[in-house]
Visitor: 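I am attaching a structure below and will ask some questions about it afterwards.
Heavy-atom basis, side chains included; hydrogens, waters and symmetry copies ignored. Within every chain, numbering begins at 1; the chains are lettered A, B, ... in the order of the sequence lines, protein sequences first and strands thereafter.
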There are 2 protein chains.
Amino acid sequence: MKIDTDAKNDTRKRIMDIAEELLLTRGFNAFSYQWVSSELGVRNAAIHYHFPHKTDLGVALIERYRRRLSRFIEAQAALPPREQLERYFELAHSYFRQDRQVCPSGMLCTEFHTLPDAMRDQAAAFIGEMRDWSIDLAARGRDLGVFHYPGSAEEMGVLMFSALQGGLQLARVDDGWLDTVKRQITRLLGVE
Amino acid sequence: MKIDTDAKNDTRKRIMDIAEELLLTRGFNAFSYQWVSSELGVRNAAIHYHFPHKTDLGVALIERYRRRLSRFIEAQAALPPREQLERYFELAHSYFRQDRQVCPSGMLCTEFHTLPDAMRDQAAAFIGEMRDWSIDLAARGRDLGVFHYPGSAEEMGVLMFSALQGGLQLARVDDGWLDTVKRQITRLLGVE
DNA sequence: CGCACTTTACTTACTGGTCAGTAAGCTGTC
DNA sequence: GACAGCTTACTGACCAGTAAGTAAAGTGCG
C-alpha cells in the first residue's frame, strides 16, 4: 500500500494555505504566484505545476471552504442553538484574530465582478450553503424556544449572516466592532 | 468674473465619476488608469495630469464621499426617523441598482490591507462618520418613541451599518437579499 | 537483485501583456 | 509669451503563463 499524502500533496496543501491567507487579507486580485512561491521557498513555475492557472487555485480554495463548512455544520448539528450561535461567532472571530482576515464570502462578494466564471459559481454555491445554515440556526433556535425574534427564520438568518460579514470587515477599522455586532445579534435573538 | 468650472474641472470630475464606478464594481486594485482613460477618450497621461498618482485619485474619491455624506446628513437632519431610515435604505439600494455596486465602506474595508496610508486614513474617517450617523439615527428614533429595540443606540447603529454593508455585497449573489435585510432591520427596530 | 524506463516535482529561462509613472513636446486660450 | 491641458513616447516593474530541461524516486521485468 502506498502512502499518497507525501511531497506532492504536502506542497499542494502548503500552497493553498499560503494562498488562503493572502486571499483573506489582501484579496484574490491583490496577490500573485510570486507572493506564494517566495513564501514557500520555491520558484514561480512550481506553483503553476500544481495549479496551472490562478483560477484553478481559486476554485480549489473555495471547494476546500465548502468541504470545511460541511464538516463544521455536521460536527455541531446536535448542539443546542445557543452553543451553535457561539460557534458561529467564534468562527467569525477566528478570522479576525488571524491578521484581521475577513470571511471568504465577504472577500468573494466584493471581488465578484472581477472573478473568473468558475470561481463565481463556486462562490455562489458556498454563500448559498452559509445562508442556509444561518437560516437553519435561526429556525431551530425558535422551534426549541431559545430564540425569540420578529419576522421569519429566513429573514433573521439572512440578517445575521449579513451583519457578521459586514461587521468582520468593519472590525479592520475599529477593534471593538465585531464584539458589538455579536452582542447585539444575541440580544435581537431574544436570548435571555 | 471667471467661470472656473471649465475644461479642467469638468475632465477632473469625469475622471472621478468613471473611477468611482470602477471602484464600486471592481475595486481600487482591479482597475487601471487605462480603464479610465479609454472610457473618457483621452490618453493615459491625461489622467496623470489631473491625478499624478493613483493614490491621489483614491483619496479624492473618498474625500468626495465624505462631503456627500455630510451634505446627505445635513439635508435630512430634520426628517422624522422613519423617513431617515427609508433614505438610508434607499442610499444602499441605489448602489445596488447601479450595476450591483457595493457601498464604498465595504469595498474599502475588504481592500484595506492593500491600500496606501493616505487612503486608509480617509477610509477610516469616512467609516467613522457613517457609523456615527447610523448611531444617531438609532438614538433619535428611540428618543422620539418611533423605534423600540433592545441594547444601546450604539449597538443598534453598528448592527444596522454592518448588516446593510454585508447585505449589499451579498445581494450580488442573490437578488432579493438586500430587501430581506431592509425588511428585517425595520422589524428589529420595532417600527409598527 | 539490477538495469531500463517512466513519472513526479520541480528548475531555469523566457514571452507577451499590463501596470503606474515620467519626460518632453504640442496647441489653443488668456 | 505664459500657462493649462493635453499628446506621444517611453521606462522599469510586475503579471500569468509556457517550454524545455533535470534530478530523483518509483515501476516493470528478466
Visitor: What's the CD1-P distance between A:Ile47 and C:dA9, to the nearest Å?
Guide: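 Checked: the CD1 to P distance equals 14 Å.
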
Visitor: Return yes if some donor-acceptor pair links the side-chain N/O of A:Glu111 with the main-chain N/O of A:Asn29 below 3.5 Å, else return no.
Guide: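 The answer is yes, because a donor-acceptor pair under 3.5 Å joins these two groups.
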
Visitor: Quick one: ring pair (Phe, Tyr, Trp, His ring centres under 6.0 Å) partners of B:Tyr95, sequence neighbours excluded?
Guide: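 Result, ring pair (Phe, Tyr, Trp, His ring centres under 6.0 Å) vs B:Tyr95: none returned.
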
Visitor: Roughly, in whole Å, what's the span from CD in B:Gln34 to C1' in D:dA9?
Guide: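 Rounded to whole Å, this separation is 14 Å.
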
Visitor: Rounding to an integer number of Å, can you tell me how far B:Tyr49 OH sits from D:dG5 C1'?
Guide: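 Answer to the nearest Å: 5 Å.
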
Visitor: Check whether any side-chain N or O of A:Thr11 sits under 4.0 Å from OP1 or OP2 of C:dA9, and answer yes or no.
Guide: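 So the side chain of A:Thr11 is outside the cut-off, no N or O lying under 4.0 Å from OP1 or OP2 of C:dA9.
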
Visitor: Which pairs, with at least one residue in residues 166-182 of chain B and sequence neighbours excluded, count as a salt bridge (Lys or Arg N to Asp or Glu O under 4.0 Å)?
Guide: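 Non-adjacent pairs meeting salt bridge (Lys or Arg N to Asp or Glu O under 4.0 Å): A:Arg131-B:Asp174, B:Arg100-B:Asp175, B:Asp179-B:Lys182.
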
Visitor: Using a cut-off of strictly less than 4.0 Å, decide whether A:His50 has a side-chain nitrogen or oxygen near OP1 or OP2 of C:dT8.
Guide: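 No.
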
Visitor: Over how many whole Å does the gap from B:Arg43 atom CZ to D:dT8 atom P extend?
Guide: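 To the nearest whole Å, that distance equals 4 Å.
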
Visitor: Does D:dC15 have its OP1 or OP2 closer than 4.0 Å to a side-chain nitrogen or oxygen of A:Ser32?
Guide: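 So the side-chain polar atoms of A:Ser32 do come within 4.0 Å of the phosphate oxygens OP1 or OP2 of D:dC15, strictly under.
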
Visitor: Contacts to DNA chain C from residues 22-31 of chain A, heavy-atom cutoff under 4.0 Å, which residues?
Guide: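 Hits under 4.0 Å, by residue number: none.
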
Visitor: More than 12 foreign heavy atoms under 6.0 Å from CZ of B:Arg140: is that the case here?
Guide: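 Counting neighbours around CZ of B:Arg140, more than 12 heavy atoms of other residues, nucleotides or ligands fall under 6.0 Å, so yes.
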
Visitor: Atom CH2 of B:Trp35 and atom P of C:dA20: how far apart are they, to the nearest Å?
Guide: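 My rounded result for the distance is 11 Å.
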
Visitor: What do you reckon, is CZ of B:Arg66 surrounded by more than 12 foreign heavy atoms closer than 6.0 Å?
Guide: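 Yes, enclosed.
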
Visitor: For residues 161-168 of chain A, dump all side-chain donor-acceptor pairs below 3.5 Å to protein atoms at least two apart in sequence or in another chain.
Guide:
from	atom 1	to	atom 2	distance (Å)
A:Ser162	OG	A:Val158	O	2.8
A:Ser162	OG	B:Trp177	NE1	2.8
A:Gln165	OE1	A:Ser105	OG	2.9
A:Gln165	NE2	B:Gln169	OE1	2.9

Visitor: Atom CZ of B:Arg14 and atom C1' of D:dG5: how far apart are they, to the nearest Å?
Guide: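 After rounding, the gap between these two atoms is 13 Å.
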
Visitor: If two hydrophobic side chains count as joined below 4.5 Å and joins carry through other members, does A:Leu144 share a cluster with A:Trp133?
Guide: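 Looking at the clustering, A:Trp133 is in the same group as A:Leu144.
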
Visitor: Salt bridge (Lys or Arg N to Asp or Glu O under 4.0 Å) with B:Glu21: which residues, sequence neighbours excluded?
Guide: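 B:Glu21: no salt bridge (Lys or Arg N to Asp or Glu O under 4.0 Å) contacts found.
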
Visitor: Are A:Arg120 and A:Phe112 in a cation-pi contact, defined as NZ or CZ under 6.0 Å from the six-membered ring centre and within 45° of the axis?
Guide: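 Flagged: A:Arg120 positioned over aromatic ring of A:Phe112.
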
Visitor: Determine, for nucleotides 21-30 of chain C in 5'-to-3' order, which nucleotides have protein heavy atoms under 4.0 Å from the base (write B), from only the sugar-phosphate (write S), or from neither (write -).
Guide: BBB-------

